[in-house]
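This report concerns only the one structure given below.
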Amino acid sequence: MSAADLDLMQACKTELAEVAKKAGALVTGVADAAAFGAAMEGQRPEELLPGCKTVYVLGGAQPRAGDWKSPSYRHMETTSTSDRVFAMGNRVAQHIERRFGYYAVTIPPGVDRARRPFLNLALAAELAGCGTASLAGPVLNADYGFMYFAAVLTTLPLPVDGPLQVPVCPAPECVTMYDEIGTTPCVATCPIDEGGCLGGRIEDGRFKDRRYDVARCTTRVHTSFIPGFQKALEAVFDETDKEKRRMILYSSQFTRTLWSMSYSNVSQGQCFECMRACPVAAARRELR
Ligand code: SF4
Ligand code: SF4
């Protein structure tokens, strides 16, 4: 690419950052589409958009400080949502196509086959330098902590940001805690050896041997989302007693499931209790 073309692409990138920030994004970054070698087959940018050059990542739509303050996990489950960040992604995609004349595809927030996302958004966020993977699972941003991510695949050859060199997790507080009592805030919240889902250790300031019981976490996290809905329907179809069928359909669990699906969460991935304990950017949640 010539120096003039590079300047042009840098100008496009600056303009897109402004569009994204105006739409509400807290962070943005660009990943090289060719860097997704570790992604599963079918989840590589080129497979979703032929000729894809870069993946534009936006992060934001965090729970509010008040949401974190609420002791009700049900409240957090039904107010946190990834659809706002998806809408931000659409704004960027539209801008790329209408103003710059390149193809752009916003990754939908739902799942493709076998409950797999269309693209691994966590990998995209990491490759775009928006944050790094954490012991608890989500990609954490050093300045803002937990957030949702959207990704836009594009044929626009933007300058790439690349992954961060310094991991956000473990936070210094977690290293100190681990040195003192052998655990971290997230692991202590949901310890895998005591019926929880998380485990791992810290060595030389980095987390190692991460253990995550995805099946157990899923049954806790997805009880009021699409899998819970499918399970309840199966129970209803199998139930021959009319009164018991009514009990299932009018239960608070089923009602919450319908609210969750129809009103709040486009994709639900956390019960948030491990993230609630995480110190990364926790100071931002402290208001009056
Ligand atoms: S999301 Fe909830 S169930 Fe899953 S690891 Fe975190 S605390 Fe445990
Ligand atoms: S609590 Fe500490 S170890 Fe756990 S995800 Fe947050 S920074 Fe990482």
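Just follow the structure's listing: the first ligand is 1, and inside any ligand the first atom is 1.
- Put simply, the side chain of Thr132 never gets that close to the backbone of Glu126: no donor and acceptor are under 3.5 Å apart.
- Closer than 4.0 angstrom to ligand 2 lie heavy atoms from Ser134, Leu135, Ala136, Cys169, Ala171, Cys174, Thr184, Pro185, Cys186, Cys278, Pro279, Val280.
- The ring-ring contact (aromatic ring centres under 6.0 Å, His included) test applied to Tyr178 returns no partner, not counting sequence neighbours.
- Taking 2.8 Å as the criterion, Cys190 counts as a coordinating residue of atom 8 (Fe) of ligand 1, since one of its N, O or S atoms falls below it.
- At a threshold of 4.5 Å between side-chain heavy atoms, the hydrophobic network of Ile, Leu, Val, Met, Phe, Trp and Tyr places Phe146 and Met88 in one connected group.
- Remark: Phe207 pairs with no residue by the ring-ring contact (aromatic ring centres under 6.0 Å, His included) rule, at least two apart or across chains.
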Just list the side-chain donor-acceptor pairs under 3.5 Å for residues 33-44, sequence neighbours left out, or say none.
| from | atom 1 | to | atom 2 | distance (Å) |
| --- | --- | --- | --- | --- |
| Gln43 | NE2 | Pro117 | O | 2.6 |
| Arg44 | NE | Ala39 | O | 3.2 |
| Arg44 | NH2 | Ala39 | O | 3.1 |

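- Against a heavy-atom cut-off of under 4.0 Å, Cys197 is close to the following atoms of ligand 1: 3 (S), 5 (S), 8 (Fe).
- When hydrophobic clusters are built by joining Ile, Leu, Val, Met, Phe, Trp and Tyr residues whose side-chain heavy atoms come closer than 4.5 Å, directly or via intermediates, Tyr148 is not grouped with Leu121.
- Residue-environment remark: CD (Glu234) stays at or below the threshold of 12 foreign heavy atoms within 6.0 Å.
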